[in-house]
Amino acid sequence: MKILLLVSLLLSGCSASKPTGKMDNRSFENISTFFSTEVFEMVKNFILTKGDRKTYRNFDNRNPHYSFVQFEVFLGSDIGQQNINNNPELSDFNQMTIVERNGTVRYYEMIIVRPGDIEKRKAWIQKGMKEGEVYLVDVYGQGLDKMKGDIMGLLRMLQEETKGE
């Protein structure tokens, strides 16, 4: 009887801790009209040539990074942990994260979906995203409307500081 009760408690604990799917269904919005694929690529190339390496999360290491005056920007590999050290010779980068440590929102994640990325099942791409677009992703449930309002100024600064490089 005690064993049955113990097994029952263990099973109920396991089912209660199952992922709810919320992390798989993060909110995202197309921001290509004000942060185009061309601008994403320009900023990515600027970071790869002028930046340094800095780890900012437990998922991977040595992310391409650049410190701007008001924020930092990190890149994430388009094959995820298969490129755990973010080596540009192994893969490209389709994730760009702005970290504003003193902002009302700390993390702004943008994902570029290049032609062929959906078929190749590149990391970070979610169902409903379309190729040739850039998306703002609400990773932490902060609210896309709030994020969009706050990120506009950051994206303008980012574009100005990397233009022509």
Side-chain angles (χ1 to χ4, degrees), residues 19-51 54-68 70-84 86-88 90-101 103-163 165:
T20 61
K22 186 174 184 180
M23 288 304 289
D24 294 335
N25 295 316
R26 294 181 255 183
S27 299
F28 61 86
E29 187 162 324
N30 189 327
I31 59 168
S32 299
T33 56
F34 56 90
F35 196 71
S36 68
T37 57
E38 293 80 16
V39 172
F40 185 103
E41 297 290 0
M42 177 187 71
V43 172
K44 176 197 79 171
N45 290 331
F46 175 88
I47 293 167
L48 289 173
T49 58
K50 305 270 186 192
K54 186 175 180 182
T55 300
Y56 80 105
R57 59 186 177 186
N58 292 328
F59 181 81
D60 52 2
N61 303 296
R62 297 180 34 82
N63 299 82
H65 162 265
Y66 194 88
S67 270
F68 293 91
Q70 290 187 284
F71 53 88
E72 296 177 86
V73 181
F74 295 87
L75 300 177
S77 165
D78 65 0
I79 59 173
Q81 286 187 317
Q82 293 174 344
N83 188 357
I84 198 161
N86 290 289
N87 182 347
L90 293 179
S91 67
D92 204 349
F93 300 91
N94 67 345
Q95 180 186 51
M96 184 179 297
T97 304
I98 295 175
V99 179
E100 188 181 31
R101 302 225 186 265
T104 55
V105 174
R106 285 188 72 184
Y107 299 99
Y108 301 89
E109 181 175 301
M110 282 89 52
I111 304 298
I112 186 172
V113 185
R114 298 178 183 100
D117 281 358
I118 293 173
E119 184 179 331
K120 292 175 187 168
R121 297 181 182 195
K122 294 288 181 153
W124 321 117
I125 297 174
Q126 299 178 40
K127 185 177 182 179
M129 291 182 172
K130 296 184 180 354
E131 293 179 348
E133 305 291 346
V134 177
Y135 294 90
L136 176 64
V137 182
D138 185 6
V139 177
Y140 298 105
Q142 302 169 107
L144 281 171
D145 288 337
K146 179 176 181 30
M147 292 175 71
K148 282 189 328 189
D150 291 348
I151 198 172
M152 295 300 287
L154 296 174
L155 292 177
R156 274 193 292 279
M157 284 188 279
L158 186 60
Q159 290 178 54
E160 284 301 313
E161 292 192 41
T162 59
K163 192 182 343 181
E165 291 291 329

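Since the model is a prediction, treat every value here as computed from it, not as a measurement.
For the pair Met157 and Phe71, the minimum side-chain heavy-atom distance is below 4.5 Å. You'll find the side chain of Leu154 reaches within 4.5 Å of the side chain of Tyr108, heavy atoms only. Val137 places a side-chain heavy atom less than 4.5 Å from the side chain of Met129. Residues Asp92 and Lys44 meet the side-chain proximity criterion, which asks for heavy atoms closer than 4.5 Å. The shortest side-chain heavy-atom distance between Phe35 and Met96 falls under the 4.5 Å cut-off. Looking at heavy atoms from C-beta onward, Leu48 lies in side-chain contact with Leu75 at the 4.5 angstrom threshold. Looking at Leu155 and Phe34, their side chains come closer than 4.5 Å, going by heavy atoms from C-beta outward. A 4.5 Å side-chain heavy-atom check between Ser32 and Phe40 finds every atom pair outside the cut-off.
In terms of heavy atoms, Met42 sits closest to Gln159 at CE-O, 4.1 Å. Here the closest non-hydrogen pair linking Ser91 and Asn83 is OG-ND2, 2.8 Å. Taking every heavy atom of both residues into account, Glu131 and Pro115 meet most closely at OE1-CA, 3.6 Å.
Rounding to the nearest 0.5 Å places CG of Asn94 at 13.0 Å from OG1 of Thr37. Between the OG1 atom of Thr104 and the NZ atom of Lys146 there is a distance of 3.0 Å, given to the nearest 0.5 Å. In this structure, CG on Asp117 lies 13.5 Å from CH2 on Trp124, to the nearest 0.5 angstrom. Atom CD of Glu41 sits about 11.5 Å away from atom CZ of Phe93, to the nearest 0.5 Å. With rounding to the nearest 0.5 angstrom, the CG atom of Leu158 is 5.0 Å from the CD1 atom of Ile98. The CD1 atom of Ile125 lies 11.5 Å from the CD atom of Glu119; values are rounded to the nearest 0.5 Å.
No side-chain donor-acceptor contact under 3.5 Å links Glu100 to the backbone of Gln70. Between the side chain of Glu133 and the backbone N or O of Val113 there is no donor-acceptor pair closer than 3.5 Å. Side-chain atoms of Asn61 do not come within 3.5 Å of backbone N or O of Asn86 as any donor-acceptor pair.
In this structure, a donor-acceptor pair under 3.5 Å is absent between the side chains of Ser77 and Asp60. Under 3.5 Å, the side chains of Tyr66 and Thr162 contain no donor-acceptor pair of N or O atoms. At a cut-off of 3.5 Å, with distance as the only test, a side-chain donor of Gln95 or Glu109 sits close to an acceptor on the other residue.
The number of heavy atoms from other shown groups lying within 6.0 Å of NZ (Lys54) is above 12.
The aromatic rings of Phe74 and His65 are tilted relative to each other, their planes meeting at an angle between 30° and 60°.
Partners of Lys122 according to the salt bridge (charged side-chain N to carboxylate O under 4.0 Å, His left out) rule, which considers only residues two or more places apart in sequence or in another chain, are Asp78.
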